[in-house]
Colleague: 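Attaching a single structure in structure tokens format; questions to follow.
Computed from heavy atoms alone, side chains included, the values below leave out hydrogens, waters and symmetry copies. Every chain is numbered from 1, with letters handed out A, B, ... down the list of sequences.
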Protein chains: 2
Amino acid sequence: MPDSRVTMKDVARASGVSPATVSFVLNDSPSQTIPAATRERVHRVAAELGYVPHGVARALREGASRIVVLNVARLPHGGASLAGFVDALDDELGRFGHALLVRYRDRPDDTDRLIAAISPRAVLDLDRLYFEADPEIADGGWIDGLAAHTSVQIRYLAEQGHVELAMALRDDPGIERLAALRRDYAGRILADLGLPELRTLSVGWSVEDDRRAVASFLERHPSVTAIAGLDDDAALRVLAALRDLGVPVPDQVAVIGFDDSPLGELFSPALTTVHIDGAEFGRRAARTLLDEPPGSEAPGPATVIRRASA
Amino acid sequence: MPDSRVTMKDVARASGVSPATVSFVLNDSPSQTIPAATRERVHRVAAELGYVPHGVARALREGASRIVVLNVARLPHGGASLAGFVDALDDELGRFGHALLVRYRDRPDDTDRLIAAISPRAVLDLDRLYFEADPEIADGGWIDGLAAHTSVQIRYLAEQGHVELAMALRDDPGIERLAALRRDYAGRILADLGLPELRTLSVGWSVEDDRRAVASFLERHPSVTAIAGLDDDAALRVLAALRDLGVPVPDQVAVIGFDDSPLGELFSPALTTVHIDGAEFGRRAARTLLDEPPGSEAPGPATVIRRASA
DNA sequence: GGGTGTCACTAATTCGATTTAGTAACGGAG
DNA sequence: CTCCGTTACTAAATCGAATTAGTGACACCC
């Protein structure tokens, strides 16, 4: 395994020109006029030798590597649409010669060090996005989408005739920002609709604790007839608690999830939920980050997957 | 925002030495003798100026960046222990000044291009690991663990008195290698125990298809009394199908999962499963990759989380 | 035929950290 | 007093690609 890297110099020598010319040809340098014959020769030789540009050297020269960092430390890892978002982001960046570096953990100065160390082309920080709500951030519409998707979830319940609604949150500190935001959006939508204030409850510990939390909530708010989950996980926990408590679903209390996890349909009753096309957002985010035109239409709105629970 | 990077040259000037000396001090260069006074001064100045080494420049010089690539394209993303593995790997690499780049997609030449482009310090490819079973690979014992963990799952069923066992696989082409390996291990363990050959069935499409698959399986193999899931997802699908078919669990058929997903306990009956400490494997993998001593004891064996389903 | 332009390239510098080869300065031994 | 060895540094080369500032060699126009 001779770790002999083919450099631009090798290509230059083999095709009888200078490294500079090779660079001009391979990068389609607009300020240079190079005859088709030379271009073709250089391209052919590069392909023959299997030349691959050394990203590190290029990054040093250009001041930024072709890497995009995505920070999702404070978001639930399991979300189905987030997975789609990440996959599509990765794919689309790859199409433009970039790679995605996903950070799941957030030790703050560590992230700064990382950034200083690899000079990423861009950093997409979904955490800060959710927290600071800076409209300038290139997220492909993800954050605006969150408001719209929440609206789909809440309005569905309203259309079914429910009046007093609650949202089931999770006390996981890792996602409190997301939780606060979703709850906020939901509250505003209820106000728009002229419905009573949103109640909230928390689930997410043991099954027994969840059951106790749900029981005590229903006792305090007997007129609530529908519960929207922060995500499918929260909704399924509520569903399990209601089952254990013997509360009929959806007749006494309806439950709707958020973000269409594959397990929702396995439950009994099967979980009604909101499907979000994370992939399209990911694709758009990639293009925004690289200053490319969007190239495709804005993602469609979220859709309700109607099953038995609401 | 003056994006003025503090370079080694700046530190050198401010502390009255040459860049070379700064490098020697900051890297504890063993071949150099530098008096404590100078060391201290350089360190202090570097801290004051907020000097952060430029990873890209360093990578160019050293031939490899301080990045480790983890390829998990063909594994289920949702696995609880894999998440722990990845998190711990990331943490531990960070502790040694390295960053983890997780690849979820596997367009093969693309990965090669990525590797050529960023010169990672190491590549941990769990896919190839599972496929090629190369004992040299630095996975912190993950792959050996898989055999051991499978053993825990199968032996539990045997200890409960089950004789004819089946494994529920998933037809997802993304995980076929993992599936083949797990099935293989399970088969060998049954042989060791002197039990009949392992049966297999496939689930993973729609709920209806799963139900049909399970029903037809039970018809063909009425003497099978226990089903081990490839993972919790497969096990939960079997569990849902058995519920819909009215088959009593665990009385007629017992079900055990694998990899302790948080949703297993929400089901009714709650899913018995195998808990794997992925984090410890991740930590060990990180150290192996960087040629550091393990630093902690080998991970404990997997444990059975006993619930109602088996 | 001299001046101006374009064409087709190349030499040399740059990015920032590391490392090799080297050089003053000094102390001690012979 | 010279030679050797150590100490405490520094100059310069290196990694590979991108880019600026040129440089010949022509062609064309007046």
Colleague: Please give, in whole Å, the distance from dG16(C) C1' to Arg66(B) CZ?
Modeller: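 Roughly 14 Å, once rounded to whole Å.
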
Colleague: So, does Thr21(A) get its side chain near the phosphate of dT10(C), meaning an N or O under 4.0 Å from OP1 or OP2?
Modeller: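 For dT10(C), OP1 or OP2 has a side-chain N or O of Thr21(A) closer than 4.0 Å.
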
Colleague: Test Val17(A) against Arg41(A) for side chain to side chain contact (heavy atoms under 4.5 Å, CB included), laying out the working first.
Modeller: CA-CA 10 Å; Val17(A) 295; Arg41(A) 186 157 35 97; 4.2 Å; yes

Colleague: Is any N or O donor-acceptor pair between the side chain of Gln32(B) and the base of dC9(D) shorter than 3.5 Å?
Modeller: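 Such a pair exists between side chain and base.
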
Colleague: How close or far is atom P of dC9(D) from atom CG of Leu26(B), stated in whole angstroms?
Modeller: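 These atoms are roughly 14 Å apart.
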
Colleague: Which nucleotide sits closest to the side chain of Ser18(A): dA18(D), dT10(D), dT10(C)?
Modeller: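 Out of dA18(D), dT10(D), dT10(C), the nucleotide with an atom closest to Ser18(A)'s side chain is dT10(C).
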
Colleague: Looking only at side-chain atoms of Thr7(B), point me to the closest of dT19(D), dA18(D), dG16(C).
Modeller: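 Per side-chain heavy atoms of Thr7(B), the pick is dG16(C).
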
Colleague: If you only use heavy atoms from C-beta on, which nucleotide in dT10(C), dT19(C), dG16(C) is closest to the side chain of Val17(A)?
Modeller: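 Ranking dT10(C), dT19(C), dG16(C) by closest atom to the Val17(A) side chain puts dT10(C) first.
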
Colleague: Send over the distance from Lys9(A) NZ to dC15(D) P, rounded to a whole Å.
Modeller: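 After rounding, the reported distance stands at 7 Å.
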
Colleague: Contact class for Arg58(A) (heavy atom, under 4.0 Å): base, sugar-phosphate, or nothing?
Modeller: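 Here Arg58(A) touches the backbone only, sparing every base.
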
Colleague: NA contact type, Val56(B), heavy-atom cut-off 4.0 Å: base, sugar-phosphate, or nothing?
Modeller: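 No contact.
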
Colleague: Any chance you could lay out the side chain to side chain contact (heavy atoms under 4.5 Å, CB included) test for Arg121(B) and Leu289(B), step after step, and finish with the verdict?
Modeller: CA-CA 9 Å; Arg121(B) 168 77 177 266; Leu289(B) 286 167; over 6 Å; no

Colleague: Would you mind classifying the nucleic acid contact of Pro35(A) as base, sugar-phosphate or nothing, using non-hydrogen atoms under 4.0 angstrom?
Modeller: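 Answer is sugar-phosphate: Pro35(A) comes under 4.0 Å of backbone atoms only.
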
Colleague: Does a nitrogen or oxygen in the side chain of Tyr51(B) sit under 4.0 Å from OP1 or OP2 of dG16(C)?
Modeller: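 It does not, given that no N or O in the side chain of Tyr51(B) lies less than 4.0 Å from OP1 or OP2 of dG16(C).
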
Colleague: Can you tell which of dT10(D), dA18(D), dT10(C) lies closest to the side chain of Met8(A)?
Modeller: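 It is dA18(D).
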
Colleague: For Asn27(B) and dT18(C), is the shortest distance between a side-chain N/O and OP1 or OP2 below 4.0 Å?
Modeller: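 For dT18(C), OP1 or OP2 has a side-chain N or O of Asn27(B) closer than 4.0 Å.
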
Colleague: Mind calculating the distance between CG (Leu60(B)) and C1' (dA17(D)) to the nearest angstrom?
Modeller: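 For the pair Leu60(B) CG and dA17(D) C1', the rounded distance is 9 Å.
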
Colleague: Determine whether Leu26(A) and Tyr51(A) satisfy the following criterion, side chain to side chain contact (heavy atoms under 4.5 Å, CB included), listing intermediate values before the conclusion.
Modeller: CA-CA 11 Å; Leu26(A) 296 182; Tyr51(A) 168 72; 3.6 Å; yes

Colleague: Please report the distance, rounded to the nearest Å, between CG in Asp28(B) and C1' in dT18(C).
Modeller: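 My rounded result for the distance is 15 Å.
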
Colleague: Using the closest heavy atom to pick a nucleotide of DNA chain D for each, name whichever of Thr33(B) or Val6(A) lands nearer the 5' end.
Modeller: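 The answer here is Thr33(B).
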
Colleague: Looking only at atom types and distance, does a side-chain atom of Thr150(A) sit under 3.5 Å from a main-chain N or O of Leu146(A), one as donor and one as acceptor?
Modeller: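 Here the side-chain-to-backbone pair exists.
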
Colleague: Rounded to the nearest angstrom, tell me the gap between atom CZ in Arg5(A) and atom C1' in dT14(D).
Modeller: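 Distance check: Arg5(A) CZ to dT14(D) C1' gives 15 Å.
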
Colleague: Counting only side-chain heavy atoms from C-beta out, which of dT19(C), dG16(C), dC15(C) sits nearest to Arg61(A)?
Modeller: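 When the side chain of Arg61(A) is considered, dC15(C) is the closest of dT19(C), dG16(C), dC15(C).
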
Colleague: Check for a donor-acceptor pair, side chain of Ser65(B) on one end and backbone N or O of Ser119(B) on the other, with a separation under 3.5 Å.
Modeller: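 Indeed, once roles are kept as given, a pair shorter than 3.5 Å links the two residues.
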
Colleague: Look at all strands and tell whether Val22(B) reaches a base, only sugar-phosphate, or nothing, counting heavy atoms closer than 4.0 Å.
Modeller: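 The residue Val22(B) makes no contact with any strand.
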
Colleague: Output, in order, the C-alpha distance, side-chain angles, deciding distance and verdict of side chain to side chain contact (heavy atoms under 4.5 Å, CB included) for Leu93(B) and Leu89(B).
Modeller: CA-CA 6 Å; Leu93(B) 288 173; Leu89(B) 185 61; 4.0 Å; yes

Colleague: Provide, to the nearest angstrom, the distance between the CD1 atom belonging to Ile118(A) and the P atom belonging to dA17(C).
Modeller: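 My rounded result for the distance is 16 Å.
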
Colleague: Rounding to a whole Å, what distance do you find between Asp10(B):CG and dG16(C):P?
Modeller: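 Roughly 9 Å, once rounded to whole Å.
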
Colleague: Checking all strands, does Thr38(B) fall into the base, sugar-phosphate, or nothing category for heavy-atom contacts under 4.0 angstrom?
Modeller: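 Sugar-phosphate only.
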
Colleague: Counting only side-chain heavy atoms from C-beta out, which of dT19(C), dA17(C), dA18(D) sits nearest to Ala20(B)?
Modeller: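 The listed nucleotide nearest to Ala20(B)'s side chain is dT19(C).
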
